[in-house]
4 protein chains.
Amino acid sequence: MDKNKRMTKEKRRQHIIDAAMERFAESSYHATTTASIAKEADISEVTLYRYFSSKEELFKAVIEPVLAESLEKIEIKLQENKLDPTNKLKYILKNRIEFISNNHRMITLILRERNINPEIIPFDYIERTHALLEKAAEEAGIKLINKEITLRMLIGSILSFIYFPESNSKSKEDYVNQLVVILKNNSL
Amino acid sequence: MDKNKRMTKEKRRQHIIDAAMERFAESSYHATTTASIAKEADISEVTLYRYFSSKEELFKAVIEPVLAESLEKIEIKLQENKLDPTNKLKYILKNRIEFISNNHRMITLILRERNINPEIIPFDYIERTHALLEKAAEEAGIKLINKEITLRMLIGSILSFIYFPESNSKSKEDYVNQLVVILKNNSL
Amino acid sequence: MDKNKRMTKEKRRQHIIDAAMERFAESSYHATTTASIAKEADISEVTLYRYFSSKEELFKAVIEPVLAESLEKIEIKLQENKLDPTNKLKYILKNRIEFISNNHRMITLILRERNINPEIIPFDYIERTHALLEKAAEEAGIKLINKEITLRMLIGSILSFIYFPESNSKSKEDYVNQLVVILKNNSL
Amino acid sequence: MDKNKRMTKEKRRQHIIDAAMERFAESSYHATTTASIAKEADISEVTLYRYFSSKEELFKAVIEPVLAESLEKIEIKLQENKLDPTNKLKYILKNRIEFISNNHRMITLILRERNINPEIIPFDYIERTHALLEKAAEEAGIKLINKEITLRMLIGSILSFIYFPESNSKSKEDYVNQLVVILKNNSL
DNA sequence: AATGAATGAGGATTCATTCAT
DNA sequence: TATGAATGAATCCTCATTCAT
């Protein structure tokens, strides 16, 4: 209680966001009440509303960093174009897998809500990642028996980290390298 | 209206379940109101309550067939043991992929709600599928550089059908066959 | 309680409107709570909302009949043009005074809210009545020392009935007749 | 901001009252928030509460001068008794009309709230004015066909200035003089 | 003296569920 | 069997007011 009162504005804001994330992740946007978020943050609902003008705005603030980071960096990096095609593909895979692993709860949350609140979550990660992978695999000369199998293996690999997160960074790097080797070996 | 009145009890029950599925799939358990389900089914809310004693029970009835089917058949089939290891693996993959494709909306719905209502959705498909695949891959002698990569490719392939459904049955069969070939080719 | 349940839909609707009028008249739109209206009507708030989708809609329903009646009839009657100018003027005065007397509480309510909710109360009675009187007085050849004094006496007479209502119909008729006589006598 | 800080206590108090009047006149007592008043005055809500212990007290302070002035002066003047009856009547009329014109917004505000907060607005101007006029008219020997019509014309004339304000002081004086002439001319 | 931060109480509105017919 | 009518319990959000600095 006392320490709450001493928080700086920015810290308290983040504190509320954290509490909200906790609650939103536990249930869902609709199932989560502003009262429960306030309780989690150990503040009153009114205080919550001093920082965020509505439940929806709070929700946006929760997912915003992930939404913002998401595909920006990767697309910038790819446009710098210093990577050869194979490393481009590896970069995408690594980046996505790291991203998912680091933001596991939030990603789950976002995917869960994306159909429900399309106006809040304006684009579809998975679609866009799919498109990126498609282009990169082609450029890297990966030609399995058909394109579909290639892409399902690539995107599926990434998706697996949503359901089976992995924190060890080295493991993820190894995983990507081996995956690409296998795919290249099996190209026509 | 009139046709509603003529429905048999069982038919009407199913009619309500269908309507409920429609609505639950569109939003989420909490965001879906019993009023909207009744409207979708073109009946009154009270009638809905004559068939299902609560919203939760209706939800259970919606997902129950999928929940029931899910891994039952596959496990029975596997225990019959008439398949050689490789075909066992193929069978699991095909079965899961078909299952996901045929029940796509419901699967999405169930996955979305599994954290929210753990008491309603009592087990985790993906965990169990993962376990099945792990065993089958081992028996089939698939030994990629390490177990993790193998499993991520297998489970990831399946997961991809959640996000990228495919209705053509032949395609799915081909996909599985090719996937297994590749994996076997790359075994140590 | 029991009799409430037996009300027809239309009767109950009117019952709620009456209760709302009671409460709105007692305080004001903003100071009146939907809870207090429901209590006045001896129903639950939810029932209130079954009949009116919002407080604002209920408010509109309360004032609508008065708003609708208000100046329609008078303008139609005047256009029929069967009255000589003096009787036209008398007609306006009588009509307005009757109207105010019969709907005294509602008029007070509407005047009170007209500045506050201009979107709900879309036009200004008094302005329009003023305009009607101006034209009618001119046609009736009433020419006091100046136009302002004439109009203030006319409109003021009407306004007085807002603050000092009178139920006896004969009195009102007499009043109008005498008023017009005086004004005519004093015309230049 | 800076100038705010330099205000004397009394000046700031008045500054807040002015802001509050602005807001109360714009909407109504209940629809006006202390936050909006504070914003209008460009101070914090807490500061507002340093000057006025509650919203109600602030409201009282807003209307107090008008309430205080209202009928005090007039009654004192009348008791001095230096005026002949006709001029007494004229004095009342002029005084009331001037008063309404000079405090137009506040009068409107007070009339709007008088039913809502009878404890705050403890007496009824209009009733009291009516009583004053009744006595004065009688003393001035004005005897129209009946007392009611006389009084409605007198009080109605005053009321008209609430709905149709007039700023020109000469006009008002003329108006009163002419009104009284007419009434006297028509006395029995 | 002034305020940023905080809140208990309450307001409009919705929801799952029940009652009476 | 079917439903129109009804509601207690929440839900998001706002308001007047207070506390700590």
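Chain identifiers are assigned alphabetically (A, B, ...) following the order of the sequence lines, protein sequences preceding nucleic acid strands; residue numbering begins at 1 within each chain. Because the structure is a prediction, the values reported are computed rather than measured.
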query = Between the side chain of Thr108(D) and the main-chain N/O of His104(D), is any donor-acceptor distance below 3.5 Å?
reply = yes
message = Tell me the interatomic distance from Tyr51(B), atom OH, to dT1(F), atom P, rounded to whole angstroms.
response = 7 Å
ask   = Rounded to whole angstrom units, what separation is found between the CG atom of Leu48(D) and the P atom of dG4(E)?
value = 14 Å
query = Between Tyr49(B) (OH) and dA6(F) (C1'), how many Å, whole number?
reply = 14 Å
request  = Identify the nucleotide, in any strand shown, that forms a Watson-Crick or G-U wobble pair with dA16(F), with both distances under 3.5 Å; if there is none, say none.
outcome  = dT7(E)
ask   = What is the base-pairing partner of dA1(E), counting Watson-Crick and G-U wobble geometry with both distances under 3.5 Å?
value = none
query = Within the distance-only criterion (no hydrogens, no angle test), does the side chain of Arg112(B) pair as donor or acceptor with the backbone N or O of Ser27(B) below 3.5 angstrom?
reply = yes
request  = Please state how far atom NE2 in His30(A) lies from atom C1' in dA16(E), giving the value in whole angstrom units.
outcome  = 15 Å
request  = In whole angstrom, give the distance that lies between atom CD1 of Ile43(C) and atom P of dA6(F).
outcome  = 8 Å
ask   = So do the side chains of Tyr51(B) and Ile43(B) get within less than 4.5 Å of each other, counting heavy atoms only?
value = no
message = Please report the distance, rounded to the nearest Å, between CD in Glu57(A) and C1' in dC12(F).
response = 14 Å
note = If pairing means Watson-Crick or G-U wobble with both distances under 3.5 Å, then the partner of dT21(E) is dA2(F)
task = If the plane angle is over 60° it's perpendicular, under 30° parallel, otherwise tilted; pick one for Phe24(A) and Tyr29(A).
result = parallel
query = Does Thr34(C) or Arg50(A) map to a spot on DNA chain E nearer the 5' end, using the closest nucleotide for each?
reply = Arg50(A)
note = Residue pair Lys9(D)/Ala35(B) against DNA chain E: nearer the 5' end by closest nucleotide is Lys9(D)
request  = Compare the minimum distances between each of dT7(F), dT3(F), dT14(F) and the side chain of Thr47(C), then state the nucleotide with the smallest one.
outcome  = dT7(F)
note = Rounded to whole Å, NZ of Lys55(C) lies from C1' of dG11(E) at a distance of 8 Å
ask   = dT11(F) P sits how many Å from Glu45(A) CD, rounded?
value = 9 Å
message = Applying side-chain contact (heavy atoms from CB on, under 4.5 Å) to Thr33(C) and Ile37(C), what does each step give before you reach the verdict?
response = CA-CA 7 Å; Thr33(C) 69; Ile37(C) 296 169; over 6 Å; no
